[in-house]
Each structure stands twice: as C-alpha cells, then as structure tokens.
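What's counted below: heavy atoms across the whole structure, side chains too, no hydrogens, waters or symmetry copies.
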Amino acid sequence: MTDSYTSSRDGDYSNGIPNGSTTSFGQPIPPATGISSVIRKKLMGYVGFANLPNQVHRKSVRKGFQFTAMVVGESGLGKSTLINTLFNTTLYPPKESLDPSAERPKTVAIESIGADIEENGVRLHLTVVDTPGFGDFVNNDDSWKPIVENIESRFDSYLEQENRVNRLKIVDNRVHACLYFIQPTGHSLKQLDIEFMRRLHTKVNLIPVIAKADTMTDEEIASFKQRILSDIEHHQIHIFEAPTYENEDEETIAEAEEIRSQIPFAIVGSNNFVATPDGRKVRGRAYPWGVVEVDNEEHCDFVKLRQMLVRTYMEELREHTNDVLYENWRTEKLVSMGVAQDSTVFKEINPAARLQEERVMHEAKLAKMEAEMKMVFQQKVQEKEAKLKQSEEELYARHKEMKEALEKQRLDLEDKKRKIETGRPITPEKNATGRRKGFLRT
C-alpha cells in the first residue's frame, strides 16, 4: 500500500517537489513540467482508505440504481419478449393480435413501462421505452423524429433539474441504451435502419441486434453481421462497444474482446421453458428439428448481450450517457442559447507558472501606472511652465511700460530744470501779457 503526497521539505523545489527526488522504487522523478507531480511513499501501517470501494458499494446498494432502456424496431421482431427474457420478469404482458379490419395508428408512439426489481439486495428501477409503430408504414421518412424528440426531451428535463435551486432529488430518466432490432433479411441494412442510427448515435448508446436469429444458419448470420458492420463503418455510425481499461487482467480483456466480436448480437428470445431431448428444462423454442436454447452461446448471442447490457457494462452505459452523450448535447444546447464558456475555467495550471504570470502582470501594471504618472507630471510641468512664461511676459510688458513712463517724466524734469537755470519761464505767462495790455489803456 502506498501513499501519494507532495513533499514540503527545504531544498530546491519545482512545483512543490524537490529536484532529484526518487520514488519508493528508487526511480528518479523528472522535473515538473506543467502539472505538479507527486512522490509515492510507503505507509508504515494500515490507514483504512482502501475500504473506500466498500463504502461506495454500501451507499450504492442503499440508494439503488436507475436504468432506462429503449427498444426500437418494426413490429413482430420480439422486442417485448427480449426485454422479459433479459430481466427474467414479465414487464410486457402477452400482446393480442389486432384484427385485420382494426384501425392502426398512423404515427410512432412512445410508451414507457417502469418496474422496481430486486436481486440479492440490489434494487434497480428499470424503465423500458417502447416505440410501437416504428417502420410499420408505407412512408417511414420521419419515423425517427418522435424518438429523437423523446430522447432530447429527457435531456431537457435533466438539464432543468440540474438548474434548480434544490437539486437533492434529481430523477435520471435519460435513455442509457437503445436496442435497435434489425430484420433477419440476410442482405444488408435498409435505408430506414441507416437513417435511424445516423440520427441517434450521438444521443444514445446504440446496440444493434439481429432479431429472430433462429431463422438463419450460422453462415448466413456471420455474413449478415459482416455486411451490417461494413454499412455502419461506411456511414460513420458509432455504436457502443465494450470498453477496456489499463492494468486489467487478461481474462477481463479477453471477455471484452469476445463481447465486441459478437456485435451485432444475433438473438433469440423466449419466456417459455421447453424440454430438450436429454431431459433438461431450458428457456427456448421447440421446433420439429430441435430446440433453440436462449441461454446457450452456441445457439445465439443472448448471453453476450445480457453480459454487456446488464452484468458487466450497465454502469459504463450510464457513465457514457452522462459524461459523453449528455455533456455534448448540453454544450451544444447552451452554446445555441448564447452561453459561452471561459476557456480558463477548470484549466490545470502550474502554481509556480501561475505565480510567475501574476508577477509579470503585476510588474506590467506597475510600469503602466508609472508611465501614466510620468505623463501626468510632464503635463503639469508644461502647464506650469506655460503659466510662468505668460506671467513673465506680462511682468516684462509692465516693466517696459513703467520704464518708458519714468523716462518721459525724467526728460520733463530735466527740461524744467534747464529753463529755471536760464531764467526763462517754465511756461508762457498769459496773465503778464494781459497786464501789459491793460497798462497801455490806462
């Protein structure tokens, strides 16, 4: 058992890790680039977090599970029988044949059946969505539209629940798997099959199945499967395949590869128990030439289908629906509504690089403020210099004016001084002239 943590001892660090550190196996840890690494250390004793899977298991069992499966195909291909056979319960009662004169529906209907089933203390709320009427008309151009609208309405409902203030009780009614039933023609996919899968493969986990495979020989089934896969690849249709993970054992990898090799599954469904020639009671169909056993892998692929859909990859179907299909739809929905995502949100950033980036931004901000302050200071200085120059010019003009006035006054005083010194009157004597004229008259 090992523990992973980031060392905090003194020394040369890069993202919190001392350079030159080694793992518990003696391997050197390379310098951190981008995202900080961790140092693996051996625990000195039992801690207890290895019990986390058991805690998750108890919580899951207590909470229960929800699973929604959709079955799509033309009438009479055994969709209801297969669902009853898969979950070993009677979800669909036996259907009564319509009278030839009875009026048939003119559109594709969407019907849901829910049931709570329990096995070994594990509760599962199963919802099966049926599509009666699909492919039963002369013109089937838009048969897929009600199904696509139903799937998207379930996405809309889940998105609305996510946006509520109180999200404690979110009901997941999204379709986690779609079993598409293909007629056992032995030729290739019909145009309706291709169009339906092209419209839905980005919104639901598609699982193609060949219905009523007991009507074909083994060679015909193998050839038919190859043609179906060729059509799917040619039209770039994505179907659900058993995933593989790293560090898995060889048995699990071989099992996933074996399931993948059987797609599309050639199936036979039956809820009836029949007797085999050797006296065994099995689920199957009795024919004059023998018995077709539903749970016999040599007779059909029902076991592999159940193994992928229920026993092994049910949780992967739920996760792929939530993490990939729903998220892609949700992104397109929000973008179409004008909601944009900031590219920096949830971006993994090296703390040291982030600190350096913030330091550079701070220095750039300080430099900008300093430049703005210098600009303002220079502007103030220029304004002050202009005012001082204007005041200086005004003072010089006043000084010049006063100097000229004083010079004029000085010249007048000197002129008066010269007249006094020479005995001449400073100004002409008008009164004296008047007296002389008066003296002559007397």
Side-chain angles (χ1 to χ4, degrees), residues 1-2 4 23-25 27 37-38 40 49-61 65 67-69 82 85-88 119-120 122 124 175-180 182 197 201-202 204-210 213 218-219 221-268 293-328:
M1 187 182 301
T2 59
S4 299
T23 63
S24 56
F25 302 100
Q27 298 176 347
S37 303
V38 293
R40 303 188 66 83
F49 59 81
N51 197 43
L52 280 172
N54 296 331
Q55 299 177 28
V56 175
H57 176 264
R58 290 197 302 269
K59 179 181 178 181
S60 300
V61 171
F65 299 89
F67 189 78
T68 302
L82 178 64
T85 308
L86 271 173
F87 296 96
N88 201 19
E119 182 182 35
N120 296 332
V122 179
L124 173 67
V175 178
H176 302 113
C178 176
L179 296 176
Y180 185 71
I182 303 171
M197 289 193 283
H201 74 107
T202 59
V204 69
N205 295 309
L206 275 178
I207 303 176
V209 296
I210 301 173
D218 293 343
E219 293 77 10
I221 290 175
S223 177
F224 192 31
K225 284 186 176 183
Q226 188 62 39
R227 292 173 183 173
I228 292 174
L229 292 176
S230 298
D231 287 342
I232 289 175
E233 182 180 1
H234 175 73
H235 293 281
Q236 298 180 353
I237 297 171
H238 301 287
I239 59 176
F240 181 80
E241 295 182 352
T244 56
Y245 304 99
E246 296 181 358
N247 303 325
E248 286 190 328
D249 54 73
E250 295 181 359
E251 183 180 354
T252 304
I253 297 175
E255 179 185 358
E257 184 62 32
E258 187 176 0
I259 293 176
R260 189 180 296 109
S261 65
Q262 299 298 324
I263 298 175
F265 301 100
I267 57 170
V268 176
E293 300 179 24
V294 172
D295 299 295
N296 191 335
E297 295 188 38
E298 295 181 357
H299 292 184
C300 68
D301 300 330
F302 172 79
V303 174
K304 295 300 181 186
L305 173 62
R306 180 180 60 190
Q307 194 170 355
M308 185 180 77
L309 185 64
V310 181
R311 295 187 176 181
T312 308
Y313 297 112
M314 178 179 281
E315 187 60 27
E316 274 75 6
L317 287 165
R318 286 158 42 89
E319 287 183 358
H320 189 262
T321 299
N322 182 73
D323 300 340
V324 179
L325 302 176
Y326 171 72
E327 284 299 321
N328 291 339

Nearest 0.5 Å, please: how far is [atom2] in [Y] from [atom1] in [X]?
| X | Y | atom1 | atom2 | result |
| --- | --- | --- | --- | --- |
| L229 | I239 | CG | CD1 | 6.0 Å |
| I263 | L206 | CD1 | CG | 11.0 Å |
| H320 | E241 | NE2 | CD | 10.5 Å |
| N328 | T202 | CG | OG1 | 8.0 Å |
| E316 | H176 | CD | NE2 | 13.0 Å |
| I267 | L86 | CD1 | CG | 7.5 Å |

Side-chain donor/acceptor of [X] to backbone N/O of [Y], under 3.5 Å:
| X | Y | value |
| --- | --- | --- |
| S223 | E219 | no |
| T312 | M308 | no |
| H201 | H238 | yes |
| D301 | K304 | no |

Option passing side-chain contact (heavy atoms from CB on, under 4.5 Å) with C300 (candidates V268, L305, I210, D295) = V268
Residues F240, V204; criterion side chain to side chain contact (heavy atoms under 4.5 Å, CB included); working and verdict = CA-CA 9 Å; F240 181 80; V204 69; over 6 Å; no
Take F265 and I259 through the side chain to side chain contact (heavy atoms under 4.5 Å, CB included) test and state the conclusion after the steps.
-> CA-CA 9 Å; F265 301 100; I259 293 176; 4.1 Å; yes
Is any side-chain heavy atom of Q307 closer than 4.5 Å to a side-chain heavy atom of Q262?
-> no
Are the side chains of T321 and V175 in touch, meaning some heavy atoms are under 4.5 Å apart?
-> no
Could you pull out the closest heavy-atom pair between I221 and A213, with the gap in Å?
-> CD1-O, 3.6 Å
Taking everything shown except Q236 itself, do over 12 heavy atoms lie less than 6.0 Å from its CD?
-> no
Take L317 and F67 through the side chain to side chain contact (heavy atoms under 4.5 Å, CB included) test and state the conclusion after the steps.
-> CA-CA 9 Å; L317 287 165; F67 189 78; 4.0 Å; yes
Report the C-alpha distance between N51 and Q55 in whole Å, list the side-chain angles of each, state the deciding distance to 0.1 Å, and finish with yes or no for side chain to side chain contact (heavy atoms under 4.5 Å, CB included).
-> CA-CA 7 Å; N51 197 43; Q55 299 177 28; 4.2 Å; yes
